[in-house]
Amino acid sequence: MNFDFSPEQELLRDQARSFLAANCGAPLARKLLDGNVAAGDDLYRQMAELGWIGTGVPEEYGGFGAGGLELCVLAEELGRGLAPAPIATATYLAIPLLLLAGSEAQKRKYLTPLVGGELTVTIAVNEGPRNATPRNVATMAENNLITGVKYPVADGARADLALVLCADQGGGSFYLVALNEPGVVREDIPAQDPSRPQAKVSFDGAQGKAVGKPGEGWALLAKIYDHAAVLYAFEQMGGAHAALDQACDYARARFAFGRAIGSYQGVKHKLADMYVAATLAKSNCYYAAWALSTDAAELPLAAATARVSATKAFDMCASENIQIHGGMGCTWEVDCHLYYRRARSLAVNIGSNLVWEEKLVRALETRPEEAA
Amino acid sequence: MNFDFSPEQELLRDQARSFLAANCGAPLARKLLDGNVAAGDDLYRQMAELGWIGTGVPEEYGGFGAGGLELCVLAEELGRGLAPAPIATATYLAIPLLLLAGSEAQKRKYLTPLVGGELTVTIAVNEGPRNATPRNVATMAENNLITGVKYPVADGARADLALVLCADQGGGSFYLVALNEPGVVREDIPAQDPSRPQAKVSFDGAQGKAVGKPGEGWALLAKIYDHAAVLYAFEQMGGAHAALDQACDYARARFAFGRAIGSYQGVKHKLADMYVAATLAKSNCYYAAWALSTDAAELPLAAATARVSATKAFDMCASENIQIHGGMGCTWEVDCHLYYRRARSLAVNIGSNLVWEEKLVRALETRPEEAA
Amino acid sequence: MDFSDTTEEAAFRMEARAWLDANATPKAHPNQTWASVLEDKTRDNIVRLCKEFQSRRHADGWACLHWPKEYGGRGCTAIERVIYGQEESRYIVPRGVVEIGQGMAGPILMKYATADQKARYLPPMATGEEIWCQIFSEASAGSDLAGLRMAATKDGDADDADWILDGEKIWTSGAHYSDFGITIARSDGAVAKHKGLTFFFIDMKSPGISIAPIRQISGSSHFNSVRFDNVRVPDAQRLGAVGEGWKVALATLMNERVSVGEAPGPDFEQIFALAQTVELNDRPAIENQMVRSKLAHWYCETAGLKNTRMRSVSALSRGETPGPENSITKLVSATKAQDIARFGADLMDQCAVITDPDLVLGDGRFQQSYMQSPAMRIAGGTDEILRNIIAEHVLKLPSEPRADKGLAFSEIPTGNVAGETGP
Amino acid sequence: MDFSDTTEEAAFRMEARAWLDANATPKAHPNQTWASVLEDKTRDNIVRLCKEFQSRRHADGWACLHWPKEYGGRGCTAIERVIYGQEESRYIVPRGVVEIGQGMAGPILMKYATADQKARYLPPMATGEEIWCQIFSEASAGSDLAGLRMAATKDGDADDADWILDGEKIWTSGAHYSDFGITIARSDGAVAKHKGLTFFFIDMKSPGISIAPIRQISGSSHFNSVRFDNVRVPDAQRLGAVGEGWKVALATLMNERVSVGEAPGPDFEQIFALAQTVELNDRPAIENQMVRSKLAHWYCETAGLKNTRMRSVSALSRGETPGPENSITKLVSATKAQDIARFGADLMDQCAVITDPDLVLGDGRFQQSYMQSPAMRIAGGTDEILRNIIAEHVLKLPSEPRADKGLAFSEIPTGNVAGETGP
């Protein structure tokens with residue numbers, strides 16, 4: 001029984017944590033909040049040099065051929081370190097999609113520069129204020145020319161490439177589109193978490209290349225979302241623990257009425273509840289990491305369980321962290337709001353818990369008999 | 001603006017509270033818990049003498065012709081006083097149903113002895129473990145002969161009469177059946193709250209008399225449930241406040257680690273939350289009382305709002321009252337469990353919150369435009 | 001049980017309505033705010049419009065309802081104030097500049113100032129000519145306000161020697177445009193916490209006062225920090241005796257608590273409307289029973305607060321003192337606002353990450369409320385302090401043993417005073 | 001990250017499984033309990049069967065896994081205990097009689113008894129011949145166990161004079177059929193609370209001991225009160241020094257905490273099955289999204305606890321000390337059990353008022369759990385105490401100032417000692 005990360009994986013964690021503490025964290029997030037949209041570019045290149053972008057990519061495409069577990073470790077640390085870069089979109093969603101559905105030629109052409117950080121890639125699914133379902137996607141591809149409007153697109157204003165989900169008769173199809181080519185207009189849109197910028201990307205006959213078979217787009221997306229849910233959950237869980245740590249530090253240091261506020265049960269019990277939520281999320285993340293790394297049949301259920309738990313834990317830890325900080329927590333200068341913004345942004349990326357709870361129960365209903 | 005009960009109604013409350021404190025409360029409930037099923041009979045007769053059964057019944061049928069507000073005041077005190085008698089079933093449900101749908105002859109024949117306590121009446125709707133909907137009622141009336149099995153029926157083993165909901169082509173119909181006549185077999189069934197006994201009543205060609213027009217049974221039931229929901233809510237709200245009072249008394253008196261447990265925020269904040277829930281329930285009950293007494297168009301919404309709030313408040317106050325009492329609260333000798341049992345029994349009478357939340361939102365959806 | 005006014009109340013209501021009709025625009029819908037119709041949203045313009053409106057109010061006898069007539073008020077009863085508030089809530093009215101002075105500073109001056117001072121300061125406060133602010137909190141003294149540290153030192157031994165104030169205050173609304181302020185400082189650190197405080201009013205143009213906006217997590221700045229460097233205050237501007245400042249402050253805090261209303265932000269009606277608009281798994285979200293159950297819950301809370309206020313108004317109408325309704329209202333509504341904001345975002349799904357009012361459902365108000373509601377759970381008494389108040393004042397539970405009891409202020413443990421240096 | 005045993009663990013698991021296969025019946029389904037298959041449910045029969053099974057266990061070397069071999073145990077590692085537990089949980093095995101002695105009393109005797117006493121008492125405890133109970137709590141000493149009041153008085157001045165015990169204990173399991181018990185009493189009321197306690201083991205047949213069942217709110221009686229009237233105990237039965245009883249007791253309490261598992265009662269699978277069975281508004285309840293959301297929540301908690309235990313086992317397997325998993329498990333699972341019981345009742349709608357297993361869905365277990373779960377939130381550490389433990393031991397938050405600190409026990413405020421006289 002070894003339900004834990006290996007010593008090598010823990011080494012990767014240590015490396016990631018110190019790197020992010022030195023180069024990222026609140027100071028970098030604040031630069032992006034202050035409108036410096038290029039502030040994360042250097043970090044992204046450094047991450048690429050460290051091999052993070054290619055963690056899950058086979059060596060033949062320039063990657064490191066590590067498994068899902070290493071990605072999980074990184075995701076947790078990205079959450080803890082408030083990483084602002086487009087690494088999440090690339091490594092959780094877009095690169096796995098390319099690996100899963102791209103042609104051999106596409107993989108050879110794009111993966112090496114992506115892994116090296118020379119190109120960046122995002123995924124463009126949503127079309128405005130409805131959750132993304134076949135009914136709500138109208139972007140069309142005719143003779144590989146893409147027309148339609150996608151928003152929000154994470155990092156859409158700065159990425160070089162996007163995997164664009166287009167409608168067709170059947171199940172939708174993905175197209176790879178170069179975003180700095182003619183026929184693409186993009187604009188930044190104000191985001192709740194400006195350290196994770198969002199864009200509106202309009203396609204007007206932009207040149208695209210089909211990725212995957214025609215009509216398998218929605219099926220691919222569901223598969224990639226299950227995969228990404230595990231990584232988002234790790235990132236959320238890492239963020240939850242960071243917010244909890246911040247709250248505990250403050251509760252020990254801040255005094256009111258002659259004693260540390262952490263000695264009052266009103267604060268102490270709240271922190272205990274935050275710890276319990278963060279711990280359950282962590283344990284569910286570990287199980288999902290196992291399912292991801294072994295491509296187990298349990299993955300859809302395990303991913304949804306981790307995702308739902310981690311969303312709740314981060315929401316709770318981020319908001320109660322402010323509450324414990326009192327008035328100071330409501331000021332721009334104190335870092336509480338960075339977690340609070342990030343908690344919400346991660347909570348709705350790839351769909352809110354309204355969607356994931358439903359996926360969880362559907363997975364339970366289709367469990368094989370013996371598992372029940 | 002006089003959003004409160006009148007001095008006369010407050011006088012009725014004082015009278016009811018002292019009467020119930022002297023003659024009812026935990027001691028009487030315990031007799032019923034110990035299997036003394038007749039323990040409440042005297043109390044019921046005394047309540048009849050005090051005019052409580054006939055509170056809402058016009059004077060021409062032997063009642064006192066008071067309005068819904070007086071019934072609300074009584075219901076709150078019945079909840080506080082843990083009243084075990086079948087007064088709830090009679091005054092919240094059965095007598096209002098007779099008043100609403102009974103023929104003049106039926107009213108003349110039955111109401112006076114009911115009001116006087118010489119006869120008791122219940123309502124028989126449910127047929128086992130499904131919520132009562134037209135699909136789930138199979139009891140038939142052919143030529144006024146009733147056949148079917150009803151359970152749970154509140155006080156069904158001891159009541160003289162029952163209003164029995166029967167299936168028919170259309171919307172069901174109510175029949176009045178004398179329960180001590182041939183063709184009726186009844187048996188007590190073990191109940192979660194033995195101070196509110198339940199029975200299984202089997203009809204095999206028992207003689208019944210139609211009450212109301214054929215096919216209006218379900219419509220009548222919905223109307224009576226809206227009416228009864230207000231009174232159940234008052235009873236629950238009274239119970240919630242009684243459990244809260246018991247918890248506060250204990251939290252002030254019980255010491256641990258050298259001080260009253262009520263001085264710890266873990267206990268204190270819990271009690272504050274209980275108070276808030278009980279207060280919101282009370283305020284919603286008051287509004288529902290106004291709607292009931294004026295037969296306002298708002299009644300369905302106001303009744304559901306009061307019912308949902310009061311169910312939550314009593315559930316919370318009853319269970320956290322035990323928690324605050326610690327180990328002692330888990331013993332038979334301490335009265336906490338009497339509220340805890342009653343909270344659950346009242347929570348599912350006339351349908352659980354799963355049903356009432358749905359009624360509430362449906363009422364909101366059909367609000368007249370200007371109310372929104 | 002009925003909702004009608006007494007004859008006197010009805011007459012007052014008619015009078016108020018008539019004045020409002022003549023002097024303000026009715027709202028287009030119940031949630032319409034003054035800010036939303038204001039074209040020039042600069043602070044200067046807001047202050048100007050508020051002063052103008054207050055001046056009209058005063059001219060017609062509708063200023064400072066609760067003040068005695070001698071100081072420019074109307075001498076209303078509590079129920080009359082409620083009725084006026086009910087009526088005014090249906091109109092678009094400039095708000096947010098004169099209230100703190102009239103609600104907090106005015107009553108204190110009436111109680112503690114000299115006759116000359118009252119004559120000098122109260123009338124222009126009533127007309128809106130002069131604006132007052134309240135300068136109480138400090139970074140290290142939030143819930144524990146009496147733990148404040150701004151120093152008040154006598155400049156010399158004379159009984160009426162000036163005071164020198166040194167320290168930093170935060171959470172002051174309107175410091176920039178205020179003419180005067182009320183404040184409290186520590187005049188003696190060697191006695192118990194509550195005993196060493198003294199209360200003053202100050203001229204905001206005094207040398208040594210510097211004001212800086214505090215940026216909140218929402219990005220906006222509704223409050224200021226106010227630094228006092230060697231600020232000289234005449235002893236005549238002391239209110240109450242030396243060392244009795246806490247008693248004076250308590251009175252204003254009571255006034256503040258009474259005035260706290262329901263937390264702003266998308267309310268039940270707005271989340272209900274959103275649920276009717278948005279889709280969830282290709283069906284209208286309103287058909288989802290989980291959504292319905294949440295709506296039922298928030299409706300019960302919303303109705304419960306409204307009906308609790310009606311019971312409170314009813315008690316006022318009988319001349320009784322209101323109960324803990326304001327603590328309940330703030331405790332429930334602040335968390336409700338945060339939960340509704342979060343659930344609204346969940347309903348909007350992936351699109352909830354953006355805040356552009358033109359691209360996101362609900363005009364971005366859910367996203368805005370998400371950033372504003374944390375402060376609602378803290379300002380004017382944290383959730384935890386409100387629970388203490390309910391438990392101790394209403395349920396009569398014993399207070400906690402006090403770690404600072406019997407200690408001189410200078411001996412009270414402070415940890416590293418995290419609030420002053422950042423966490 | 002994998003779930004396979006090490007070679008040694010796998011070998012141990014096979015050995016355990018082989019023994020269980022030969023000596024016990026596999027469960028028909030995971031939730032099947034011994035009680036449910038027992039025909040004669042009388043206490044005498046239960047005690048007899050437990051003793052018999054323990055005797056077989058002992059004969060084959062599977063008794064007292066954590067005890068050293070010299071006292072009749074097996075000397076297992078922590079991970080081996082877990083593996084045995086995992087295997088045993090798949091079989092129907094008599095339980096509930098020998099565990100308290102072997103888990104609590106045995107280790108105490110090993111540490112504090114004389115060699116002769118160990119030789120006399122430990123072997124029959126290991127074989128199940130002699131049953132031991134634990135007699136600690138008092139009505140007025142629950143969470144504050146060290147506040148206990150049972151008096152231990154020396155009968156004379158001799159160093160080895162007998163002790164006389166007087167007082168009343170509660171919450172003792174198995175007092176009726178136990179041969180011996182461990183207990184703790186106050187030998188000195190004039191010193192601080194924790195300093196005046198002394199620890200003993202006693203012969204349950206000593207004159208002056210009277211045992212009465214405590215009726216719980218569920219109606220059943222799983223515990224006893226034990227009255228001590230002038231009970232004489234030889235000084236040789238003292239464990240640890242006079243006044244050091246708290247230190248001795250703490251060791252057993254740690255043992256207790258480690259053994260606390262998930263609260264019994266309908267679990268996730270049972271509420272999931274109920275939702276698939278029952279109808280709500282004429283549709284299967286499982287189609288209702290509110291029901292689905294609740295199910296998702298409980299599944300996350302259930303899986304979270306299970307996976308937390310796996311991480312804990314993994315740590316044990318590496319030879320590390322387990323963390324606060326047991327506090328988390330009890331805190332989460334007790335409330336979950338109560339919530340599931342209540343929601344199950346809501347799903348059954350009006351029929352939930354009855355408890356007849358033949359008439360109500362789910363065999364009446366939801367109703368039963370509703371009455372049993374409140375005790376789960378209290379026994380072995382209340383929700384509140386567990387939150388304190390997590391906050392102070394794991395998160396390193398400061399403990400509360402103690403009102404009884406530095407006071408002699410007799411001076412500690414007790415209010416009216418409500419627990420002793422009823423509320």
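Chain identifiers are assigned alphabetically (A, B, ...) following the order of the sequence lines, protein sequences preceding nucleic acid strands; residue numbering begins at 1 within each chain.
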Which answer fits D/Leu347, side chain, backbone, both or neither, if we ask what part of it has an atom under 4.5 Å from a heavy atom of chain B?
both
Check whether B/Ala256 gets within reach of chain D through its side chain, its backbone, both or neither, counting any heavy atom under 4.5 Å.
both
Residue D/Leu359 versus chain B: region with a heavy atom under 4.5 Å:
both
D/Gln338, part contacting chain B, at a heavy-atom distance under 4.5 Å:
side chain
Listed partners of D/Asp282 passing side chain to side chain contact (heavy atoms under 4.5 Å, CB included), at least two apart
B/Thr133, B/Arg135, B/Asn136, D/Glu279
Within the structure provided, determine whether D/Ile385 and D/Ser143 are in side-chain contact (heavy-atom separation under 4.5 Å).
yes
Under a 4.5 Å heavy-atom cut-off, does chain B meet the side chain of D/Ala141, its backbone, both or neither?
backbone
Between D/Thr172 and D/Gln134, is there a side-chain donor-acceptor contact under 3.5 Å, judged purely by atom types and distance?
no
Looking at D/Gly142, D/Ser373, D/Gly147, D/Ala345, which makes the most heavy-atom pairs under 4.5 Å with chain B?
D/Ala345
Looking only at side-chain N and O atoms, does B/His241 offer a donor or acceptor that is under 3.5 Å from a partner on B/Asp245?
no
Considering only NZ, NE, NH1 and NH2 on the basic side and carboxylate oxygens on the acidic side, decide whether B/Lys270 and D/Glu384 come within less than 4.0 Å.
yes
Given the options D/Met348, D/Glu411, D/Met371, D/Met290, which has more heavy-atom pairs under 4.5 Å with chain B than any of the others?
D/Met371
Measuring heavy-atom distances to chain B, does D/Arg387 have an atom under 4.5 Å in its side chain, in its backbone, in both, or in neither?
neither
I'd like to verify something: which residue of B/Glu127, B/Glu333, B/Arg341, B/Arg196 has the highest number of heavy-atom pairs under 4.5 Å with chain D?
B/Arg341
So which residue, B/Val355, B/Asp315, B/Asn353, ends up with the most heavy-atom pairs under 4.5 Å with chain D?
B/Asp315
For the residue pair B/Tyr225 and B/Trp356, categorise the inter-ring angle as parallel (less than 30°), tilted (30 to 60°) or perpendicular (more than 60°).
tilted
Among B/Lys200, B/Arg259, B/His337, B/Arg344, which has the most heavy-atom pairs under 4.5 Å with chain D?
B/Arg344
With a 4.5 angstrom heavy-atom cut-off, which part of B/Gln265 approaches chain D: side chain, backbone, both or neither?
neither
Evaluate the criterion side-chain contact (heavy atoms from CB on, under 4.5 Å) for residue pair B/His325 and B/Gln246; output intermediate values, then yes/no.
CA-CA 9 Å; B/His325 276 73; B/Gln246 193 191 6; 3.9 Å; yes
Turns out that what part of B/Asp34 lies under 4.5 Å from chain D's heavy atoms comes down to side chain
Ionic contact status for D/Lys336 with D/Glu301, cut-off 4.0 Å
no
Select one option (side chain, backbone, both, neither) describing which atoms of D/Gln368 are under 4.5 Å from chain B's heavy atoms.
neither
Winner by heavy-atom pair count (cut-off under 4.5 Å) against chain D, out of B/Leu33, B/Thr331, B/Ile322
B/Thr331
Answer key: most heavy-atom pairs under 4.5 Å with chain B among D/Asn281, D/Thr382, D/Asn288, D/Val360 is D/Asn281
Given heavy-atom pairs under 4.5 angstrom as the criterion, report whether the side chain, backbone, both or neither of B/Gln198 touches chain D.
side chain
What part of B/Val125 is in contact with chain D, defined as an atom under 4.5 angstrom from a non-hydrogen atom: side chain, backbone, both or neither?
neither
On a heavy-atom basis, which atom in D/Ser221 and which in D/Pro213 lie closest, and how many Å separate them?
CB-CB, 3.9 Å
Can you say whether D/Lys193 sits under 4.5 Å from chain B via the side chain, the backbone, both, or neither, judging by heavy atoms?
side chain
Under 3.5 Å, is there a donor-acceptor pair linking the side chains of B/Thr122 and B/Asp155?
no
Residue from B/Asp193, B/Asn349, B/Asp249, B/Ile350 scoring the most non-hydrogen pairs under 4.5 Å with chain D is B/Ile350
Heavy-atom distance under 4.5 Å to chain B: side chain of D/Ile354, backbone, both or neither?
both
Centre-to-centre under 6.0 Å for D/Trp298 and D/Phe272, is that the case here?
no
Quick one: do the B/Gln236 and B/Arg307 side chains pair a donor with an acceptor below 3.5 Å?
yes
Find the one option among D/Leu280, D/Val291, D/Thr277 whose heavy-atom pairs under 4.5 Å with chain B are most numerous.
D/Leu280
Portion of B/Asn126 that has a non-hydrogen atom of chain D nearer than 4.5 angstrom:
side chain
Where on D/Asn388 is there a heavy atom nearer than 4.5 Å to chain B: the side chain, the backbone, both, or neither?
neither
Out of D/Gln216, D/Arg377, D/Gln367, return the one with the most heavy atom pairs under 4.5 angstrom to chain B.
D/Arg377
State, without any angle test, whether D/Arg215 and D/Ser220 hold a side-chain donor-acceptor pair at a distance under 3.5 Å.
no
Does NZ or CZ of D/Arg186 fall inside the cone over D/Phe409's six-membered ring, less than 6.0 Å from its centre and within 45° of the axis?
yes
Checking B/Glu358 against chain D: side chain, backbone, both or neither under 4.5 Å from a heavy atom?
side chain
May I ask you to check whether D/Tyr370 and B/Tyr340 place their ring centres under 6.0 Å from each other?
yes
Under a 4.5 Å heavy-atom cut-off, does chain B meet the side chain of D/Ala379, its backbone, both or neither?
neither
Please find the pair of heavy atoms, one from B/Glu235 and one from B/Leu78, that lie closest to each other, and give the distance.
CG-C, 4.2 Å
